[in-house]
Amino acid sequence: EVQLVESGGGSVESGGSLRLSCTTSPFTFDRFDVGWYRQAPGNEECELVATLTTDGAIYYANSVKGRFTASQDAAANILYLQMNRLQPEDTAVYYCSAESAPMNGGNCALLKGFGYWGQGTQVTVSS
């Protein structure tokens with residue numbers, strides 16, 4: 001079983017930065033595509049923010065492209081999400097995930113049944 005534990009969330013003002021970390025079980029990056037989802041307050045849908053595939057590709061949602069950077073430290077088994085120029089609309093619970101199928105956004109409850117998810121970390125951006 002794959003375990004994922006997020007950290008690094010918090011509250012910042014608009015324009016600020018945060019870096020999220022996700023500590024994973026060993027060899028997760030070799031076996032699964034990994035990525036970051038977010039669920040905004042009152043929304044049942046999860047937006048796929050960034051994906052890192054096993055063959056080294058990285059994809060971003062248009063809403064974060066140019067502001068967020070996803071990376072991984074395979075030796076330390078950590079997935080990162082550097083978030084710059086944060087805006088109030090970035091306020092959400094952020095989850096890291098590992099999945100063997102192509103990753104897509106959708107209903108959070110349904111998505112959590114198809115892969116491994118962390119417990120989530122809250123990011124709040126004030127204007």
Side-chain angles (χ1 to χ4, degrees):
E1 183 174 329
V2 177
Q3 294 189 333
L4 305 120
V5 180
E6 301 97 337
S7 60
S11 297
V12 296
E13 293 185 350
S14 181
S17 298
L18 284 173
R19 188 176 78 160
L20 305 184
S21 300
C22 174
T23 302
T24 73
S25 301
F27 310 112
T28 296
F29 302 141
D30 296 329
R31 298 166 57 198
F32 301 100
D33 291 349
V34 293
W36 293 93
Y37 289 92
R38 66 183 180 184
Q39 183 177 16
N43 196 336
E44 295 183 351
E45 297 292 302
C46 275
E47 180 185 17
L48 180 58
V49 173
T51 305
L52 297 86
T53 66
T54 54
D55 60 4
I58 304 178
Y59 302 99
Y60 296 97
N62 287 335
S63 58
V64 306
K65 201 171 292 184
R67 300 188 298 124
F68 289 13
T69 303
S71 61
Q72 62 189 43
D73 182 338
N77 302 306
I78 301 176
L79 177 67
Y80 296 103
L81 185 67
Q82 177 66 44
M83 305 185 296
N84 298 328
R85 305 200 311 273
L86 283 161
Q87 301 300 317
E89 53 266 35
D90 296 316
T91 294
V93 177
Y94 284 72
Y95 299 93
C96 62
S97 174
E99 300 180 16
S100 55
M103 302 176 76
N104 291 289
N107 180 277
C108 298
L110 290 177
L111 288 174
K112 290 178 181 178
F114 288 102
Y116 300 97
W117 286 56
Q119 82 288 353
T121 186
Q122 177 70 48
V123 171
T124 302
V125 185
S126 58
S127 57

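Between the side chain of S97 and the backbone N or O of Y116 there is at least one donor-acceptor pair closer than 3.5 Å. A donor-acceptor pair under 3.5 Å is absent between the side-chain atoms of Q119 and the main chain of V5, judged by distance alone. Of the possible polar contacts, one joining the T91 side chain to the V125 backbone as a donor-acceptor pair under 3.5 Å is found. For S25 (side chain) and Q3 (main-chain N/O), a donor-acceptor pair under 3.5 Å exists by modelled atom type.
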| field | Derivation of the side-chain contact (heavy atoms from CB on, under 4.5 Å) call for V123 and R38 | value | CA-CA 9 Å; V123 171; R38 66 183 180 184; over 6 Å; no
| task | Verify side-chain contact (heavy atoms from CB on, under 4.5 Å) between V12 and M83, making sure each step is shown before the conclusion. | result | CA-CA 11 Å; V12 296; M83 305 185 296; over 6 Å; no
| CA sep, side-chain torsions, deciding dist, call: N107, E45, side-chain contact (heavy atoms from CB on, under 4.5 Å) | CA-CA 4 Å; N107 180 277; E45 297 292 302; 3.9 Å; yes
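In this structure, Q122 places its CD atom where more than 12 heavy-atom neighbours from other residues, nucleotides or ligands lie under 6.0 Å away. Within 6.0 Å of OH in Y60 there are more than 12 heavy atoms belonging to other residues, nucleotides or ligands.
Considering only heavy atoms from C-beta on, T24 stays 4.5 Å or farther from Q72 through its side chain. You'll find the side chain of F68 reaches within 4.5 Å of the side chain of L86, heavy atoms only.
Closest of all the heavy-atom pairs between Y94 and E6 is O-OE2, 4.0 Å. A pairwise comparison of heavy atoms in A70 and A50 identifies CB-CB, 3.8 Å as the closest pair. Of all non-hydrogen atoms in G15 and Q87, the two that sit nearest each other are N-NE2, 4.2 Å. Considering all non-hydrogen atoms of both residues, L18 and G8 come closest at CD2-O, 3.9 Å. Of all heavy-atom pairs spanning G120 and V93, the tightest one is CA-CG1, 3.9 Å. Across L48 and M103, no two heavy atoms sit closer than the pair CD2-O, 3.3 Å.
Follow the hydrophobic side-chain contacts under 4.5 Å out from V2 and you never reach F27; the two are in separate clusters. Under the 4.5 Å side-chain heavy-atom criterion for ILVMFWY residues, no single connected hydrophobic cluster contains both L52 and F32. In the hydrophobic cluster analysis, where Ile, Leu, Val, Met, Phe, Trp and Tyr join through side-chain heavy atoms closer than 4.5 angstrom, Y95 is grouped apart from L81. Cluster membership check: I78 does not share its hydrophobic cluster with V49, using side-chain heavy-atom separations under 4.5 Å among Ile, Leu, Val, Met, Phe, Trp and Tyr. Under the 4.5 Å side-chain heavy-atom criterion for ILVMFWY residues, no single connected hydrophobic cluster contains both L111 and L79.
Aromatic pair Y37/W117: centroids less than 6.0 angstrom apart.
We find the CZ-OG1 distance between R19 and T69 to be 11.5 Å, quoted to the nearest 0.5 Å. Summarising the geometry, atom CD belonging to E99 is positioned 12.0 Å from atom NZ belonging to K112; distances are rounded to the nearest 0.5 Å.
At a cut-off of 3.5 Å, with distance as the only test, a side-chain donor of S17 or N84 sits close to an acceptor on the other residue.
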